[in-house]
Amino acid sequence: MSGTNLTLNAKLDLRAADPLKENILAYRGQDLTLDAKEVTQLGALCLQVIRSAAKTWAQDGKTLTFSNASLECAEQLNLLGFNSDTISKWEAA
């Protein structure tokens, strides 16, 4: 799969949500991989940004992938009810 890779910041907290949204939207219309290898903190608001991007990418017919989750990121995803596969998948209701 060709596309763009975006390495996520280590700290995805409240303050990171707006910049995260802008960074992701800069790649709208392209297949995109969110590389989470450096993520040590994932807050609910940044999770919502990623979930919103998943919906947008699905509606646009593009692929959004979440990969290389650090151990800390994977654990926090689990606590929030997601994993590296489900965070970026959007199923139409």
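As a member of the Ile/Leu/Val/Met/Phe/Trp/Tyr network built from side-chain separations under 4.5 Å, L14 groups with L45.
Rounding to the nearest 0.5 angstrom, the gap separating the CD atom in Q30 from the CH2 atom in W57 is 8.5 Å. Atoms CG and NZ, from N83 and K89 in turn, are 10.0 Å apart once rounded to the nearest 0.5 Å.
When all heavy atoms are compared, the tightest approach of L47 to L42 is N-CD1, 4.2 Å. In terms of heavy atoms, S88 sits closest to A54 at O-CB, 3.5 Å. Pairing each heavy atom of I50 with each of L34, the nearest pair is CG2-CD1, 4.0 Å. Smallest separation of non-hydrogen atoms from A16 and C46: C-SG, 3.9 Å.
A heavy-atom distance below 4.5 Å is found between the side chains of I24 and V49.
Of the listed residues (D85, T86, V39, L77), just one forms a side chain to side chain contact (heavy atoms under 4.5 Å, CB included) with F66, and that residue is L77. With T65 as the fixed residue, the side chain to side chain contact (heavy atoms under 4.5 Å, CB included) test singles out one of D35, I87, T33: T33.
Legend: residues meeting salt bridge (charged side-chain N to carboxylate O under 4.0 Å, His left out) with R15, ordered by chain and number and at least two apart, are absent. Judged as a side-chain contact (heavy atoms from CB on, under 4.5 Å), and not counting sequence neighbours, the contacts of K55 are Q59, W90.
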Residue pair E38, T7: steps toward the side chain to side chain contact (heavy atoms under 4.5 Å, CB included) verdict: CA-CA 8 Å; E38 297 178 11; T7 300; 3.9 Å; yes
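A salt bridge between K62 and D60 is absent, with no side-chain N of the basic residue lying under 4.0 Å from a carboxylate O of the acidic one.
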